[in-house]
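Below is one structure, written out as structure tokens; the observations come after it.
Every chain is numbered from 1, with letters handed out A, B, ... down the list of sequences.
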Amino acid sequence: MKKNQVTKVRNTQTDQPRTSKRSQMKKSIHISGSEAVVRCLIEEGVDVLYGYPGGAIMPVYDELYKFQDHIHHVLTRHEQGATHAAQGYARISGRVGVAMATSGPGATNLVTGIADAQIDSTPLVCITGQVASHLLGSDAFQETDIVGISTPVTKWNHQITKASEIPEVMAKAFYIARSGRPGPVLIDITKDAQFEEFDFSYEKCKGVRSYNPVPVATENSLKSAADIINSAKKPMIVWGQGVILGKAEKNLIEMIEKTGIPAAWTILGASAIPTSHPLNVGMVGMHGNYGPNVLTNECDVLIAIGMRFDDRVTGNLDSYAKQAKVIHLEIDPAEVDKNVKTDVAIIGDARDSLRRLTPLLREKEHKEWLSKFTEFYKVEFETVIDADINPTKEGLTMGEVIKEINSCTNGDAAVVTDVGQHQMIACRYAKFTQTKSNITSGGLGTMGFALPAAIGAKMAEPEREVIAVIGDGGYQMTIQELGTIFQQRCAVKIVVLNNEYLGMVRQWQQLFFDKRYASTEMTNPDFVKIAEGYSIQSKRVSRREDLAPAVAEMVASDQAYFLEVCIEKEDNVFPMIPTGASVSDIRLE
Amino acid sequence: MKDDKKLYTISVYTENNIGLLNRISAIFQRRHINIESLNTSISEIPDVSRFTVVVRITESQVKKIIGQIAKQVEVIKAFYHTDDEIIYQESAIFKIASELLFEERQIQNIVKESHSRIVTVNKEFFVIEKSGRRSEIDELFENLKPFGIMQFSRSGRIAVSKDKMKISKVLNAFKH
Ligand SMILES: Cc1ncc(C[n+]2csc(CCOP(=O)(O)OP(=O)(O)O)c2C)c(N)n1
Ligand SMILES: [Mg+2]
């Protein structure tokens with residue numbers, strides 16, 4: 001086989017390992033480790049990766065240059081941006097995101113994104129260069145123990161010191177990242193292994209003997225759960241990202257439509273079923289909706305699907321759903337009984353478990369019970385929502401911006417949020433019609449996530465409208481990725497909700513620290529000028545009458561667009577469950 | 001619900017991999033759990049390693065820890081046991097000045113009564129080895145202390161369970 005020639009390029013990664021005879025019987029070719037790395041990526045169907053070059057990874061970059069017709073490398077402006085872009089790519093598409101960096105500072109700059117991917121179960125393969133193997137442990141230039149550093153925040157990691165290990169380890173990396181409960185994998189490759197030549201052939205990984213990624217739910221667990229659900233008077237579902245990762249959206253809809261069970265979502269579960277679905281009763285958790293939070297403590301059966309009872313969801317565990325029987329559908333056995341004691345655990349993949357559970361459930365309606373959610377919604381609407389999305393006061397609210405985005409996009413956009421007040425407001429009010437449309441940093445709460453994640457999302461699904469909603473604080477944490485947007489001509493829409501504060505922290509200072517606003521006020525630069533510096537079309541809005549036209553103009557644009565909205569400075573996000581309080585003690589003001 | 005801290009022996013069967021010790025110990029460190037003892041060795045199955053970790057924690061803690069360990073990709077299976085469910089041993093060696101062996105009758109009695117064993121004797125020192133429960137080794141330590149212990153080293157706990165671990169069965173189940 002000629003160099004730089006790839007037999008077949010696949011643009012999409014298939015979920016199932018390909019077992020075609022042809023790929024199995026492929027003859028080996030004599031190539032360098034670095035070429036092997038690139039060929040492995042191509043074999044895995046990687047069409048784009050994000051990264052930043054440097055000494056210890058230069059041989060691989062040299063091969064990326066030669067293979068640029070087959071695989072597109074995106075130079076981000078910081079390695080953290082590379083991981084977040086890979087995350088955005090993975091979250092919108094369900095495919096594995098790939099990030100690459102050099103040794104030392106390049107590798108350590110990946111860590112935040114890796115930790116974010118670990119806690120939010122995002123499939124990533126991160127590749128780092130490492131000093132030559134004979135230098136390991138000698139404090140060589142740009143040597144850092146990235147395998148040691150990344151161990152607690154990776155699903156799996158491995159250091160390669162011999163070229164011959166590359167195909168098998170890379171195949172394993174992709175398999176582990178995407179299978180079961182997904183997560184980030186880091187592969188560290190010494191420079192000598194990149195240079196070394198060997199006989200390369202590739203075979204996809206089909207299993208690892210010590211690893212059982214998809215347990216199959218037992219009949220017994222399904223039957224016990226069905227018995228409990230069938231006799232429930234006030235059942236309630238809380239679903240999480242497991243429904244999206246398990247591609248179980250349709251199965252969930254089928255189940256709730258048959259049983260009439262009201263279903264609420266965690267922040268990472270958002271968009272799995274359309275916002276408008278009559279049984280979709282809103283968001284749970286600290287800034288979630290009034291009804292599902294309060295009624296968590298009134299339901300008689302709580303069915304948790306692909307969620308992990310994060311403390312931001314449960315509030316005080318001692319007073320969380322104590323009255324309810326708890327059924328937990330979960331792929332990761334370590335999550336069962338971790339935070340909330342379950343009565344029945346259905347350990348398996350969400351789609352398989354739901355597909356087998358629904359036939360055992362009786363058709364039902366829970367009109368009266370469902371109407372309770374509606375009543376609570378009315379109260380929440382009158383005290384909070386109306387003023388958020390239809391404000392009559394002078395200053396602009398974050399809520400009305402999200403409402404405007406909803407109406408301009410019909411809820412078809414993917415909304416990528418950063419961390420803070422704007423994130424909570426966006427998740428509360430964004431309307432979704434399609435799954436995988438809410439991309440946010442949930443578990444780690446990483447400011448700086450949104451801008452690079454939006455780049456990855458847009459590149460993975462160029463046909464979709466991708467709108468990043470970012471705070472003025474978090475925007476400045478990865479603002480340099482405007483350079484990536486500019487260079488890649490990536491048509492993301494950027495909305496910065498500027499309250500000139502680290503708003504969420506300021507809110508806590510107001511409520512719990514007697515308004516001592518320690519280091520939360522920001523003197524911001526002229527964001528519009530900065531965007532203009534990157535030739536990104538941009539606009540600033542500070543009056544209500546200008547908002548709708550500006551959002552419409554932004555959505556109509558087929559290029560990147562930056563919109564800054566000057567928001568009332570000291571608005572708060574409500575409802576709110578104060579830390580340590582019970583879900584039923586949620587405050588409306 | 002009563003959930004007292006107890007001594008638990010955690011046995012982990014794993015692939016033999018460089019980073020795994022770090023990965024497993026990080027699980028304890030992250031939860032601020034002190035490891036009382038840790039031993040790694042081969043197991044009864046070729047190419048399968050075994051970690052034996054002793055910790056003093058509550059049962060609900062140990063269950064969660066087992067879950068976290070078991071989910072690591074290269075961990076085959078993890079178990080936890082209380083002391084009455086296992087046969088366990090530690091091993092210790094004492095280095096003592098040789099003259100004491102010949103001059104102090106008591107030393108010879110201590111060696112005899114403690115069922116320890118003299119491993120080697122030379123002009124300067126002799127070495128006593130003792131295997132058994134931690135308390136027995138502690139007792140021997142106390143008894144020898146007055147004479148002067150030149151060096152002391154004790155192993156981590158090693159244990160086998162009274163019940164079957166069925167690792168081969170688990171391994172077979174992984175085969176695809
Ligand atoms: C990297 C990082 N540092 C600090 C925090 C703590 N934090 C959470 S929200 C927040 C304020 C965010 O401010 P901004 O981006 O302006 O968003 P706003 O809340 O004003 O909408 C801070 C500092 C964090 N989540 N991530
Ligand atoms: Mg702000």
Are the side chain of B/Lys71 and the backbone N or O of A/Ala334 linked by a donor-acceptor pair below 3.5 Å?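 No, the answer is negative, given that no donor and acceptor are paired below the 3.5 Å cut-off.
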Around atom [atom1] of [X], are there more than 12 heavy atoms from other residues, nucleotides or ligands closer than 6.0 Å?
X        : atom1 : result
B/Gln29  : CD    : no
A/Glu168 : CD    : no
B/Lys162 : NZ    : yes
A/Gln323 : CD    : yes
B/Lys64  : NZ    : yes
A/Asp139 : CG    : no
B/Ile42  : CD1   : no

Do B/Arg23 and A/Thr154 have side chains that get closer than 4.5 Å, going by heavy atoms?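 With C-beta onward as the side chain, the pair touches.
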Taking the side chain as everything from C-beta on, heavy atoms only, tell me whether B/Val48 gets closer than 4.5 Å to A/Arg209.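 Yes, their side chains come closer than 4.5 Å.
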Tell me, with the steps shown, if B/Glu74 and A/Trp156 meet side-chain hydrogen bond (donor to acceptor under 3.5 Å, both in side chains). CA-CA 9 Å; B/Glu74 279 150 339; A/Trp156 185 65; 3.1 Å; yes
Quick check for you: to the nearest 0.5 Å, what is the distance between A/Asn212 atom CG and B/Lys77 atom NZ?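 The distance works out to 10.0 Å.
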OG of B/Ser60 to NZ of A/Lys338: how many Å apart, nearest 0.5 Å?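 Answer for the OG-NZ pair, B/Ser60 versus A/Lys338, is 13.5 Å.
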Contacts of residues 8-21 of chain B with chain A (heavy atom under 4.5 Å):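 Residues in range: B/Glu15, B/Asn17.
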Heavy-atom cut-off 4.5 Å, strictly under: side chain, backbone, both or neither for A/Asn157 against chain B?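 For A/Asn157, backbone and side chain are both near chain B.
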Please give me the minimum heavy-atom distance between A/Ser210 and B/Val73, naming the atom from each residue.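 Nearest heavy atoms, A/Ser210 then B/Val73: OG-O, 2.6 Å.
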